[in-house]
Amino acid sequence: MHPLPEPLPAGAPPRRPPASLGWLARHQWVSILLGTLLDTVWLCTLAFAPWAIGRTIDEGVATGDLSRLLAWVGIVLAFETVHSVVEGLRDRGGIINWTRATYRSIGLISRHASRAGYAIGKKVSTGEIGATVTGDAMSISYLAFLVGAFIAALLSYGIVGAILLATSVPLGLLVLVGVPLSSALFFIVVRPLRTRQAEQRAASGRMTSLAADTVAGLRVLRGAGGERMFVERYQAASDETRATGIRLATPLGIIDGIQVLIPGSFIVALTWAGALLVQAGHLTPGQLVSFYGYAGFLVMPIRLAAEAVSTFTRGQVGAGRILGVLGVEPLTTAEGSAPAEGGSLADDTSGLSLVAGRFVAVVGDDADTMTALLDRLARLDDSAAGAGGVRLGGIGVGGIALAEVRRRVVRADADPFLFRGTLRDALDPHSHLSDEHLAAAVRSAAASDIVDALPHGLQSQIGERGRLISGGQRQRVGLARALALDPEWLLLETPTSAVDSHTEAIIAGRLRHAREGRSTLVATTSPMLLAEADEVVLLSAGVVAASGTHRELLESEPAYLAIVRRAEGES
């Protein structure tokens, strides 16, 4: 049994779809070669069977020679036995090629997504990623399944053509000339097929993205009364997908028609020509029966070749979509040298300068500005405005090794992303932490009730993106996950926006205690969190306007008072 997944290639595939398909095939050429050999034996034994049957008739039945009859019957049975055995083996080999290509394609997407990180979320929607993994990767994988069958189809055609030429030159020429001409018919419809498949695939991806984004925000959508708007948008996207599917049906229908027309034409032509040759005395009855067998056999290689051509077209479309995901460049670079531990965290754009070991809250008049500030401090995008003005320990973060920045500075979103799995997996993805450490983080995030309420505690499943738990519970799980890392600098964005006031008060007290002696920056308008902060910084138009304790700013800064009162009213 071959272990999966296999190690991924170190490099990246070429940027052109056909070349990328060849690159993928080269990385599993041994299994593809083995599959091709099995497919060749499978088709050739089927191709030789009509020849053996014809010899049985001519040398056994027509002559009345029992020994020759039994000998040729044994040969026919041997061909059929080998064909049956090899058919099972070639199916197994094809599935192995399919599975390897699937894991390799999905693995490339997953590896690049982990490397590109923040850039993937900004440039490619969740629905598009899902459609690429489930649809495009499978198209490429099925092509790996058919590569051997396509080559075997060509070889079996050559063998049949040689047998026919040796038996009758006119019939051999009919096959050898007719096959290239009939194959050319496929390429008439391949080009519009590829274009329309790309259109249908793009429309389907947009519809999937719309559905995925809507499900993710279903509660907000219902609260705002936006169900009708979503239905209208989804219906429009669905109508577009249906229209592209209808346009795609024409070339697909032509290909299906050709798959029936070509074998039928061969059967008629071979039968007619063979009958004339027998009537003229140039063929024996056994050879005529063989030609009937060849006419039936030719149906399979033609259909295999047609299916391979159609799959190759879909594979190119799928490869193009995958290359689009792989072409998303990371927004950060891993280059740099690690500085010494400790030091302040400063942002020149806003004028914010944070001293290590303090619990600081930042309040602003614009949520997007606050998000951008935390993104800069966490070095999520080296190309963002002001990214070059962030310093950690007096050193620009652009000159620090990215792994070092990620170890020392952790940024937690208000709506954390949770993968499918258990609650423990969500809290400790790398399985590095002890039960005691996790329990302390869970308690600090006021999430102990979540563990107690689930049927199997930490081992309970939470569903894709944590959908088996509520939005407030997901937020607390995300906070607990960030606290469990115990980073030198923890940047939190509105960590209590989805919880009730009672839970918020508990989190405010426990959060400060849990981060005692460590550096914490909280972007929030929660009076409970602001009251716990050592220092509160007020931003106006993205720049530091004032700083002090929560009480000091309430008394001295009208803008700060207005922001806090507005937040209290919204809660």
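When a residue number appears, it is its place in the shown sequence, counting from 1. A quick note: this is a predicted structure, and the numbers were derived from the prediction, not measured.
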Chemist: Checking Asn97 side chain against Ser31 main chain: does a donor-acceptor pair fall under 3.5 Å?
Modeler: yes
Chemist: Show your working on side-chain contact (heavy atoms from CB on, under 4.5 Å) between Trp72 and Val76 and close with a plain yes or no.
Modeler: CA-CA 6 Å; Trp72 280 106; Val76 173; 5.5 Å; no
Chemist: Shortest non-hydrogen contact from Gly463 to Leu468?
Modeler: N-CD1, 3.6 Å
Chemist: With rounding to the nearest 0.5 Å, note down the distance linking CG in Leu33 to CD in Gln28.
Modeler: 12.0 Å
Chemist: With a 4.5 Å limit on heavy-atom distance, are the side chains of Ile32 and Thr36 in contact?
Modeler: yes
Chemist: Backbone N or O of Thr102 within a donor-acceptor pair of the Ser105 side chain at under 3.5 Å?
Modeler: no
Chemist: Could you check whether the rings of Phe145 and Tyr142 sit parallel, tilted or perpendicular, using 30° and 60° as the cut-offs?
Modeler: parallel
Chemist: Roughly how far, to the nearest 0.5 Å, is the CG atom of Leu485 from the CZ atom of Arg406?
Modeler: 13.0 Å
Chemist: When rounded to the nearest 0.5 angstrom, what is the spacing between CG in Leu34 and CZ in Arg90?
Modeler: 12.5 Å
Chemist: Would you check if the side chain of Glu404 reaches a backbone N or O of Ala401 as a donor-acceptor pair within less than 3.5 Å?
Modeler: no
Chemist: Please test Ile151 against Asp39 for side-chain contact (heavy atoms from CB on, under 4.5 Å), starting from the C-alpha separation and ending with a verdict.
Modeler: CA-CA 8 Å; Ile151 297 174; Asp39 282 325; over 6 Å; no
Chemist: Look at atom CZ of Arg16 and say whether more than 12 heavy atoms of other residues, nucleotides or ligands are closer to it than 6.0 Å.
Modeler: no
Chemist: Treating His83 as the side-chain partner and Thr45 as the backbone partner, does any N or O pair qualify as donor plus acceptor under 3.5 Å?
Modeler: no
Chemist: Is Asp428 reaching over with its side chain to a backbone N or O of Ser431, donor-acceptor style, under 3.5 angstrom?
Modeler: yes
Chemist: Considering all heavy atoms of both residues, which atom of Ser156 and which atom of Leu43 are nearest to each other, and what is their separation?
Modeler: OG-CD1, 3.9 Å
Chemist: Locate the shortest heavy-atom distance separating Pro14 from Ser20; write the atom from each residue and the value.
Modeler: O-CB, 3.7 Å
Chemist: At what distance, to the nearest 0.5 angstrom, does NE2 of His282 lie from CG of Leu276?
Modeler: 10.0 Å
Chemist: Considering only heavy atoms from C-beta outward, does the side chain of Leu331 approach that of Leu380 to under 4.5 Å?
Modeler: no
Chemist: If I compare all heavy atoms of Asp382 with all of Thr332, which pair ends up nearest, and what's the gap?
Modeler: OD2-CA, 3.2 Å
Chemist: For the residue pair Thr422 and Leu458, what are the closest heavy atoms and their distance?
Modeler: CB-O, 3.6 Å
Chemist: Grab the two heavy atoms, one from Asp58 and one from Gly286, that are nearest each other, plus how far apart they are.
Modeler: OD1-N, 2.8 Å
Chemist: How far does CZ of Arg411 sit from CG of Asp375, to the nearest 0.5 angstrom?
Modeler: 4.5 Å
Chemist: Drop me the distance from Leu89's CG to Leu38's CG, to the nearest 0.5 angstrom.
Modeler: 6.0 Å
Chemist: Looking at Asp415, is its backbone amide N or carbonyl O close enough to the side chain of Arg474 to form a donor-acceptor pair, meaning the two atoms are under 3.5 Å apart?
Modeler: no
